[in-house]
Amino acid sequence: MIKIAITGENDYPSKRKIMQFMKKLKDKYGPTVTVLSGGVTEPEKLAKKYALELGFTYKEYNPSFLGEKMYSAMPSDYYGKGQHYSHYFDRYRHMVTATEYLVIFQKKSKTLEPTLQYLIKEAEKKKVTTQIII
């Protein structure tokens, strides 16, 4: 089973590229893929949609202040905290620890958001293969 974390910028313009990427995963690995996502940004929501449609296992690393959801990957006591910006970083730290590959959908000629910059640094520390799709 292969674990792939998928995220990206909320204003990423190409739903088609995300769909094509997910289809390639299906063609290459079949149903043995586990998709990890944050469930908040548009690419994360689309990763969830396509993962479930294609029959992949799906786990969501949503921020603790949003509460536990059906596909939440963290234990119940992780959720229910007050909103704080650091929770976005924390969920990405947990997500990158659980994955083998990281895919980030980035808008052309734009500096990555601080949370995604942090995610890449964490992936580098943990030697997680990272791919940025523009």
Side-chain angles (χ1 to χ4, degrees):
M1 185 173 287
I2 184 168
K3 294 179 181 176
I4 300 176
I6 300 174
T7 187
E9 298 171 327
N10 202 38
D11 58 351
Y12 183 74
S14 181
K15 292 179 182 180
R16 184 177 50 81
K17 281 188 181 180
I18 297 169
M19 182 183 67
Q20 288 173 337
F21 176 79
M22 297 295 285
K23 190 87 167 78
K24 284 180 186 176
L25 286 179
K26 178 72 170 187
D27 293 343
K28 185 171 183 176
Y29 300 106
T32 64
V33 176
T34 297
V35 173
L36 311 176
S37 176
V40 177
T41 67
E42 193 62 25
E44 293 171 349
K45 291 175 184 176
L46 290 170
K48 176 181 181 178
K49 175 186 183 321
Y50 297 130
L52 296 174
E53 285 178 7
L54 295 169
F56 297 148
T57 301
Y58 175 75
K59 294 183 181 181
E60 190 167 287
Y61 289 84
N62 53 307
S64 59
F65 60 84
L66 290 180
E68 188 173 12
K69 298 185 179 191
M70 183 177 191
Y71 298 101
S72 292
M74 299 301 291
S76 295
D77 62 348
Y78 178 81
Y79 300 98
K81 299 176 178 88
Q83 185 172 359
H84 193 271
Y85 190 70
S86 66
H87 295 185
Y88 288 103
F89 294 94
D90 187 56
R91 68 160 177 157
Y92 280 149
R93 183 176 52 81
H94 288 289
M95 186 170 77
V96 79
T97 299
T99 195
E100 301 167 52
Y101 298 96
L102 170 63
V103 177
I104 298 174
F105 289 91
Q106 177 189 358
K107 199 170 177 182
K108 199 179 263 191
S109 67
K110 181 180 174 189
T111 303
L112 276 174
E113 298 164 356
T115 51
L116 295 177
Q117 290 175 15
Y118 170 81
L119 181 58
I120 290 172
K121 286 179 187 174
E122 286 296 306
E124 288 171 354
K125 285 183 203 174
K126 294 175 177 28
K127 300 188 184 335
V128 172
T129 303
T130 303
Q131 178 181 2
I132 296 176
I133 298 176
I134 297 176

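Position 1 is the first residue of the sequence; numbering continues from there. On a predicted model such as this, the values are computed, not experimentally measured, just so you know.
Between the CG atom in Leu102 and the CD1 atom in Ile120 there is a gap of 7.0 Å [rounded to 0.5 Å]. Atom NZ of Lys108 is separated from atom OH of Tyr12 by 9.5 Å, given to the nearest 0.5 angstrom.
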Full working for side chain to side chain contact (heavy atoms under 4.5 Å, CB included) between Val96 and Lys126: CA-CA 8 Å; Val96 79; Lys126 294 175 177 28; 4.0 Å; yes
Stepwise ring pair (Phe, Tyr, Trp, His ring centres under 6.0 Å) check, Tyr61 with Tyr88: CA-CA 9 Å; Tyr61 289 84; Tyr88 288 103; over 10 Å; no
I'd like to know whether Glu42 forms a side chain to side chain contact (heavy atoms under 4.5 Å, CB included) with Asp11, so could you lay out the CA-CA distance, the side-chain angles of the two residues, the decisive distance to 0.1 Å, and finally the verdict. CA-CA 7 Å; Glu42 193 62 25; Asp11 58 351; over 6 Å; no
Between Glu113 and Gln117, does a side chain to side chain contact (heavy atoms under 4.5 Å, CB included) hold up when you go through it step by step? CA-CA 6 Å; Glu113 298 164 356; Gln117 290 175 15; over 6 Å; no
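For the pair Lys81 and Tyr78, the cation sits on the ring face: its NZ or CZ lies under 6.0 Å from the ring centre, inside 45° of the axis.
Between His87 and His84, the ring planes are tilted. Angles from 30° to 60° get that label.
Residues Ala47 and Ile18 approach most closely at N-CG2, 4.5 Å, considering heavy atoms. Between Tyr79 and Ala73, the shortest heavy-atom contact is OH-N, 4.0 Å. Scanning both residues, Pro114 and Phe89, for their nearest heavy atoms gives O-CE2, 3.7 Å. Looking at every heavy atom in both residues, Pro31 comes nearest to Phe56 through CA-CD2, 4.3 Å. Of all heavy-atom pairs between Tyr29 and Val33, the closest is CB-CG2, 3.5 Å.
For Lys48, the NZ atom is densely surrounded, since the number of other residues' heavy atoms within 6.0 Å is greater than 12. For Lys15, the NZ atom sits in a loose shell: 12 or fewer heavy atoms of surrounding residues, nucleotides or ligands are nearer than 6.0 Å. By the neighbour-count criterion of 12 heavy atoms within 6.0 Å, atom NZ of Lys3 is sparsely surrounded, having that number or fewer from other residues, nucleotides or ligands.
A salt bridge is absent between Lys121 and Glu124; no separation between the charged side-chain nitrogens and carboxylate oxygens falls under 4.0 Å. Note on Asp90 versus Arg93: salt bridge recorded, some NZ/NE/NH1/NH2 to OD/OE distance being below 4.0 Å.
The one candidate from Ile134, Leu116, Ile133, Ile6 that meets the side-chain contact (heavy atoms from CB on, under 4.5 Å) condition with Ile104 is Leu116.
A donor-acceptor pair is defined here as one N or O able to donate and one able to accept, closer than 3.5 Å; such a pair exists between the side chain of Thr99 and the backbone of Ala5. Without hydrogens or angle criteria, Ser14 side chain to Lys17 main chain gives a donor-acceptor distance under 3.5 Å. A donor-acceptor pair under 3.5 Å is formed between the side chain of Thr41 and the backbone N or O of Gly8. Remark: the backbone N or O of Val128 is paired with a side-chain donor or acceptor of Thr130 at under 3.5 angstrom. Glu44 places a side-chain N or O within 3.5 Å of a backbone atom of Val40 that can act as its donor or acceptor partner. Under the 3.5 Å distance criterion, the side-chain polar atoms of Arg91 are matched with a main-chain donor or acceptor of Gly38.
Using a 4.5 Å cut-off between side-chain heavy atoms of Ile, Leu, Val, Met, Phe, Trp and Tyr, with links allowed through other members, Leu25 and Met19 fall into the same hydrophobic cluster. Hydrophobic clustering (side-chain heavy atoms under 4.5 Å, transitive across Ile, Leu, Val, Met, Phe, Trp, Tyr) keeps Ile132 apart from Leu46. At a threshold of 4.5 Å between side-chain heavy atoms, the hydrophobic network of Ile, Leu, Val, Met, Phe, Trp and Tyr places Met95 and Leu52 in two separate groups. In this structure, Leu112 is not a member of the same hydrophobic cluster as Val103, with clusters built from ILVMFWY side-chain heavy atoms closer than 4.5 Å. Hydrophobic clustering, with ILVMFWY side chains joined whenever heavy atoms are under 4.5 angstrom apart, groups Leu66 together with Tyr85.
Defined by atom type and a distance below 3.5 Å, a donor-acceptor pair is present between the side-chain atoms of Tyr92 and Thr7. Side-chain contact, Ser72 with Glu60: no donor N or O sits under 3.5 Å from an acceptor N or O. Side-chain contact annotation: Asn62 with Tyr71, donor-acceptor N/O pair under 3.5 Å absent.
Side-chain contact between Ile2 and Glu100 is present, with at least one heavy-atom pair separated by less than 4.5 Å. Taking the side chain as every heavy atom from C-beta outward, Pro13 and Lys107 approach each other to under 4.5 Å.
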